[in-house]
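The sequence lines fix the lettering, A, B, ..., with proteins before strands; numbering per chain opens at 1.
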Number of protein chains: 2
Amino acid sequence: MPRSQTTKKPTRIQREKTKAILEAALDVFSDFGFRGSTIDMIAARAGVSKPNILYYFDTKEAIHKTLLAELLQTWLAPLHQIDAAGDPIEEICGYVSQKLKMARDFPRESKLFANEILQGAPHILPEIQGELKELTAVKARVVSDWIKAGKLADIDPHHLFFSIWATTQHYADFDIQVRSVLGDESDPFASAGPFLDKMYRTMLRP
Amino acid sequence: MPRSQTTKKPTRIQREKTKAILEAALDVFSDFGFRGSTIDMIAARAGVSKPNILYYFDTKEAIHKTLLAELLQTWLAPLHQIDAAGDPIEEICGYVSQKLKMARDFPRESKLFANEILQGAPHILPEIQGELKELTAVKARVVSDWIKAGKLADIDPHHLFFSIWATTQHYADFDIQVRSVLGDESDPFASAGPFLDKMYRTMLRP
DNA sequence: GTCTATATCGAGATAGAC
DNA sequence: GTCTATCTCGATATAGAC
């Protein structure tokens, strides 16, 4: 009996149900936001009853918090990979490419994050002001050193990262608008890749 | 008695109250999204009673729709101004500058729009697929002609617009993240202006 | 562990006095 | 026109049977 997730090793069934609930919750929360989602929707999509969900997670908020906690690590991973010893332009364009791939492969995570930040990050502000801020500062320093060494054009490192986050996540978060404007013919991500690569290569060249 | 806004000329009081309600609703909806907002919150902020709000607007959704309808025109205005007869790079950089200024001066409108699109544009999809799509197509054609004339670098016009929307609106929609990462010292918009101007000038140069 | 049934509460909307 | 009081419903969470 988990209830408040006591110190017991979970059985296979428990792990699978927990997984199914989180998977369904990601679907629902990313589509409707936290307040717009109901436990009923999550239950229906997960194929379990509503009280059963509240057996595994004490509250609706607990489900949301669990998702957000996993999310941030996934989100920061590509940024970690930027290597001060690598070729500056390749490192940054590689980062752009990674972020675009994540927007394509994990649009629900992107929207969950966007919803959270849009509302003022009520559940994740400490992590934004801690982990995200510090990792960004470290990598901004790397970019700054590349610029000083004459390997990159002289641009503001923080705003460079903002622009990368904005342009890549846009294709997941605003996908209904992107698809509406392009028409449903083509895959937005396929054409966005070369566009962004060219854009950043051009602006970063010293 | 408006109720369903019959064909009567509104008095001064009615116009002012309507205005106050819409102003308060913009505050609340942009912060909490449609589902996350309550009529009570709007009433409290507008300084009127809940039933009084429902005297001026039949439903909560009616308030939201009214705000969105006004919003789209404001939002499209800068795009209209792009002039095929002007200097290509100045026209586009002027557009970027306009959009950034709007993000700074109308952050609530930006967030309201972001919330709506993020949830799949439930109330504004026809306008996205109509007005926005068509105006974008027209202006993409202008950019395309500039490229053919050798006045701009060869980039995808639609993705150019996406990147402009993403990078400028980011400073309003994700402002809690931007401020967290930068620290509260400086004004993000002040440093974003020169960054974006430089970025687009560089990438657009033929 | 999982279900049915239900308590409880918040919020949209309405009725009717003033 | 604007208020107080209230109806109604949907949603979170719980109780208790199986």
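- Toward the 5′ end of DNA chain D lies the nearest nucleotide of B/Ser49, the other residue of the pair A/Ser37 and B/Ser49 mapping further downstream.
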Check the interface with nucleotides 15-18 of chain D: list each N/O to N/O pair with the protein under 3.5 Å, or write none.
none

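- The aromatic rings of B/Phe29 and B/His64 sit perpendicular to each other, their planes meeting at more than 60°, with 30° as the lower class boundary.
- Ring-plane geometry between A/His159 and A/Phe162 is classed as perpendicular, the angle between the planes exceeding 60 degrees on a 0 to 90 degree scale with a lower cut at 30.
- Toward the 5′ end of DNA chain C lies the nearest nucleotide of A/Ile13, the other residue of the pair A/Ile13 and B/Lys60 mapping further downstream.
- Relative to the side chain of A/Lys17, the nucleotides C/dG1, C/dT2, D/dA13 differ in distance, and C/dT2 lies closest.
- Between the CD1 atom of A/Ile53 and the P atom of D/dA11 there is a distance of 14 Å, given to the nearest Å.
- Taking the side chain of A/Lys50 as heavy atoms from C-beta on, and the options C/dT2, D/dG1, D/dT12, the nearest nucleotide is D/dT12.
- Between B/Tyr55 and B/Lys17, every side-chain heavy-atom pair lies at or beyond the 4.5 Å cut-off.
- Around CZ of B/Arg201, the count of heavy atoms belonging to other residues, nucleotides or ligands within 6.0 Å exceeds 12.
- Under the 3.5 Å distance criterion, with hydrogens and angles disregarded, no donor-acceptor pair is assigned to the side chains of A/Gln73 and A/Glu127.
- Taking only side-chain atoms of B/Tyr56, from C-beta outward, the nucleotide of C/dT2, C/dA11, D/dG1 with the closest atom is D/dG1.
- Comparing D/dT2, D/dA13, C/dG1 against the side chain of A/Leu54 picks out D/dA13 as the nearest.
- When rounded to the nearest whole Å, the span between CD1 of A/Ile39 and P of C/dG10 equals 16 Å.
- With C/dA13, D/dT12, D/dT2 as the candidates, the nucleotide lying closest to the side chain of B/Asn52 is D/dT2.
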